[in-house]
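Working notes, structure below.
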Amino acid sequence: MINNILSWAEEDRPREKLIMKGKVALSDAELIAILIGSGSRELSAVDLSKLILQSVNNNLHELAKLSINDLIKFKGIGEAKAISIAAAMELGRRRKESEVIKKVKVASSADAYKAVRPYLMDLLHEQFWVILLNRANEIIRPQQISIGGVAGTVADPKMIFKAAIEHLASSIILVHNHPSGNLTPSQADKDLTKKVKEAGRVLDIPVLDHLIFGDEAYFSFADEGIF
């Protein structure tokens, strides 16, 4: 018999628990159980959710990286349930993204990293972004420039400064991610940084920094004195 949430004792139902005690009282597994609604013949929805979380070391950032095909490998998770989980993870990411749109002043590399984190975390391929700043060093907007593969992406300086000019940016910060987690800049990263920085001088749109993004840390050219 399928272990459906509605067949449990009331005190054990995640939905009822959320209503009675509030959403913060629920564990990650209980929240996922609400999304999937039911488990398998062998496992309740909560136990199945725990199994999924255990596969990613109980790390929600890693859970967000799982594809639909990854999720449906778990017995009891069909396409519809997998889509529900993926949609919830994407909503969480977009919530963070909407917070970044507010005018935030960038006073350090850490501020810049925090601003682009919602856009770049969990990616398995490289992307190149610029943070466009006004005269007060407030973020006008983060702007995607290019999308690449696992090993790299190409950023055209013309596209970088086209975005800066269109949005009347006074300065910019370059950002790209290394999905491998290795934050050491390559020679190509250094060459591009030099090229874009020189172009910025000519256009009077200074390049303040170049960040290499990782999910848990970053490398700042400016902080390391090689900018």
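In what follows, every heavy atom counts, from backbone to side chain, and hydrogens, waters and symmetry copies are set aside. Small disclaimer: the values here were computed from a predicted structure and weren't measured.
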For the atom pair [atom1] ([X]) and [atom2] ([Y]), what is the distance rounded to the nearest 0.5 Å?
{"X": "I32", "Y": "K50", "atom1": "CD1", "atom2": "NZ", "answer": "11.5 Å"}
{"X": "T193", "Y": "L174", "atom1": "OG1", "atom2": "CG", "answer": "6.0 Å"}
{"X": "S84", "Y": "M89", "atom1": "OG", "atom2": "CE", "answer": "11.0 Å"}
{"X": "L183", "Y": "S220", "atom1": "CG", "atom2": "OG", "answer": "11.5 Å"}
{"X": "S49", "Y": "I34", "atom1": "OG", "atom2": "CD1", "answer": "9.5 Å"}

Pairs touching residues 67-97 that satisfy ring-ring contact (aromatic ring centres under 6.0 Å, His included), sequence neighbours left out: none
Determine whether I172 and I165 fall in the same hydrophobic cluster, where Ile, Leu, Val, Met, Phe, Trp and Tyr are linked whenever their side-chain heavy atoms lie under 4.5 Å apart. yes
Under 4.5 Å between side-chain heavy atoms, counting indirect links through other Ile/Leu/Val/Met/Phe/Trp/Tyr residues: same cluster for V106 and L168 or not? no
For this output row, return yes or no: ring centroids of F128 and H210 closer than 6.0 angstrom. yes
Please find out if less than 6.0 Å separates the ring center of Y113 from that of Y218. yes
Any pair counted as salt bridge (charged side-chain N to carboxylate O under 4.0 Å, His left out), so long as it reaches residues 54-65, sequence neighbours left out: E62-K65, K65-D215
Between [Y] and [X], is there a side-chain donor-acceptor contact under 3.5 Å, judged purely by atom types and distance?
{"X": "D223", "Y": "S109", "result": "yes"}
{"X": "D191", "Y": "Q187", "result": "yes"}
{"X": "H176", "Y": "D189", "result": "yes"}

Closer than 3.5 angstrom, by distance alone: can the side chain of D209 be matched with the main-chain N or O of I173 as a donor-acceptor pair? no
pair E126-P179: side-chain heavy atoms closer than 4.5 Å: yes
Just to verify, what does I72 make a side chain to side chain contact (heavy atoms under 4.5 Å, CB included) with, not counting sequence neighbours? I68, N69, A82
